[in-house]
Amino acid sequence: MQFEPVIGLEIHAQLKTKTKIFCSCSTEFGKSPNANTCPVCTGMPGVLPVLNKQVVSFAIKAALATHCTINEESRFDRKNYFYPDLPKGYQISQYAMPIAEHGHLDVDSMALGGTKSIGITRIHMEEDAGKLIHDSARARSLVDLNRTGVPLIEIVSEPDIRSAQEAGAYLRKLHAILKYIDVCDGNMEQGSFRCDANISIRPVGQKEFGTRAELKNLNSFKHVEKAILYEIKRQTYILEEGREVVQETRLWDPAENKSFSMRGKEDAHDYRYFPDPDLVPLIVDNEWIATVEKQMPELPGKKRSRFISQYDLTGYDAEILTSSIELADYFEETAFPLKDKKQAANWVMTSLLGMLKTKKLSIGQSPVSAGAFSKLLLLIEDGSINANAAKTVFEQMAETKKDPKTIVKEKGLEQVSDQSELESMVLQTLKENPSEVNAYQGGKTKLFSFFMGQIMKKTRGKADPKIVTKILKINL
Ligand code: ADP
Ligand code: MG
Ligand code: ZN
């Protein structure tokens with residue numbers, strides 16, 4: 001029997017506010033344990049939460065970017081649970097009336113051969129919990145409440161996703177968009193963007209969904225895709241054996257490349273949700289939405305179309321260059337002073353991305369800044385160096401961060417474009433290779449690159465290929 005996976009993703013994105021959602025404690029990462037705490041976020045009795053307005057504005061921004069309907073009135077609820085890292089004994093979240101609903105995200109992926117719209121069920125705001133540090137050597141656990149009360153939005157997708165690859169595409173797109181709109185730093189290692197994946201399988205053709213498992217602890221795109229593939233296999237094996245999938249929460253272990261059961265599924269009502277009496281209903285009027293709308297930047301889809309028309313790029317190239325806001329900005333800054341925008345795009349996509357990949361760096365960490373890259377490409381445009389030499393210079397820039405002009409001088413890479421110098425070199429080359437000249441004139445035009453190669457050898461790769469081509473054509 002053929003099975004089809006059904007997948008829905010829940011994303012927790014930490015919002016980039018300076019302060020927490022219900023108190024004025026800093027959200028800064030990496031402070032000493034419990035440095036960022038106060039009576040509100042440590043759950044002291046008698047204190048009152050005050051909603052951070054910026055959190056709401058960021059949630060509205062995310063809602064607009066994902067085509068959600070924003071509810072004029074929404075509420076905060078208490079989700080009751082024994083949380084060792086949340087001293088109040090409940091998490092303030094939005095349950096019955098979230099801030100936004102009914103959105104979608106168009107995921108375009110080459111692999112899917114087009115665009116697919118993935119429904120977004122809801123976006124709601126909530127506070128994060130703290131962190132337990134297990135000190136096994138001394139058989140004790142410590143609690144750090146710095147993260148307690150840090151604002152999150154949870155973005156819940158419809159079960160519209162049908163493969164691990166589609167899940168990856170959705171996740172990458174959502175991640176890119178949250179960074180474009182600048183509401184989340186997207187740092188997956190620090191937990192700023194986390195994913196829980198709900199997965200079930202069903203016989204192809206069946207309408208009803210199967211029983212799902214929820215996978216937690218997926219802190220990289222690769223882990224999500226691997227974990228989903230594993231889960232599909234695991235469930236297929238169970239059904240093929242005639243057994244039943246049980247609804248449960250499972251933990252992904254990236255070291256072992258497998259998941260294991262963490263707990264059975266607790267029912268929603270076990271949380272005893274009820275409206276938080278300390279917080280009034282939240283009213284978001286049209287004026288507020290309009291203000292946020294004005295702050296919306298150009299989103300990936302629009303940027304992609306603009307790149308195609310403004311820089312004369314192919315759809316594929318524009319897709320790559322707009323895949324993250326950092327890359328798009330880097331490209332535009334590099335291309336700005338240059339005549340040949342397409343050339344700039346090619347260099348960014350090949351040399352820059354290649355270098356970052358080998359060095360395992362993000363664009364923000366690039367040893368070659370966009371400004372320095374422009375300077376290098378300007379040296380090609382003004383004829384100072386040829387593309388060959390530019391590659392060497394780029395490698396040097398990545399190693400030493402030196403100015404391209406300095407490297408050109410140090411390495412003696414200036415392009416040889418002196419007409420008479422090149423002319424005498426060409427004539428000599430032809431003299432030295434009479435049989436090749438004969439063969440060329442007899443119709444073996446492929447030998448042109450042989451002559452070009454000889455001259456490049458003589459100039460140690462520095463000849464201006466355009467001028468050499470001209471002189472060769474005249475003399476052959
Ligand atoms: P809970 O709050 O218990 O996690 P939800 O109804 O909010 O449950 O669903 C959470 C996620 O699970 C959503 O992304 C939804 O699309 C997905 N989902 C629900 N049912 C299934 C199913 N049978 N198979 C796969 N995903 C599912
Ligand atoms: Mg869930
Ligand atoms: Zn606090």
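Note that ligands are numbered from 1 as they come in the structure, with each ligand's atoms numbered from 1 the same way. Predicted model, so just to flag it, every value in this text is computed and none were measured.
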Do any protein N, O or S atoms sit under 2.8 Å from the Zn ion (ligand 3), and which ones are they?
Cys23 SG, Cys25 SG, Cys38 SG, Cys41 SG
Would the Tyr230 and Trp252 ring centres measure less than 6.0 Å apart?
yes
Any salt bridge between Glu326 and Lys179, counting N to O under 4.0 Å?
yes
Is ligand 1 under 4.0 Å from a heavy atom in the side chain of Leu9, in the backbone, in both, or in neither?
backbone
Under 3.5 Å, is there a donor on one side chain and an acceptor on the other for Tyr271 and Gln91?
no
Check each atom of ligand 1 against the heavy atoms of Gly210 and keep those under 4.0 Å away; list them by number with element.
23 (N)
Please report whether ligand 1 has a polar contact with Phe209, defined as an N or O pair separated by less than 3.5 Å (distance criterion only).
no
Counting each atom of ligand 1 from 1 as listed, which ones have a heavy atom of Val6 under 4.0 Å away?
24 (N), 25 (C)
Salt bridge (Lys or Arg N to Asp or Glu O under 4.0 Å) partner of Glu127, chosen from Arg147, Lys88, Arg78, Lys79
Lys88
Tell me whether Arg172 is salt-bridged to Glu225, with the criterion being a basic N under 4.0 Å from an acidic carboxylate O.
yes
Return the orientation label for the Tyr273 and Tyr95 ring planes: parallel under 30°, perpendicular over 60°, tilted otherwise.
parallel
Within 4.0 Å of some non-hydrogen atom of Ser157, the atoms of ligand 1 are 13 (C), 14 (O), 15 (C), 16 (O)
Going by an N to O cut-off under 4.0 Å, is there a salt bridge joining Glu214 and Lys216?
yes
Do the charged groups of Arg234 and Glu248 touch, with an N to O distance under 4.0 Å?
yes
Short list, please: which atoms of ligand 1 are under 4.0 Å from a heavy atom of Glu158?
16 (O)
What I want to find out is whether Glu399 reaches Lys359 closely enough, with some N-O distance under 4.0 Å, to be called a salt bridge.
yes
Going by the atom numbers of ligand 1, which of them fall below 4.0 Å from some non-hydrogen atom of Pro159?
16 (O)
Among Arg212, Glu214, Arg122, whose heavy atom sits nearest atom 5 (P) of ligand 1?
Arg212
Quick one: do Arg202 and Glu208 make a salt bridge, cutoff under 4.0 Å?
no
Of the side chain and backbone of Val156, name the one, both, or neither that has a heavy atom under 4.0 Å from an atom of ligand 1.
side chain
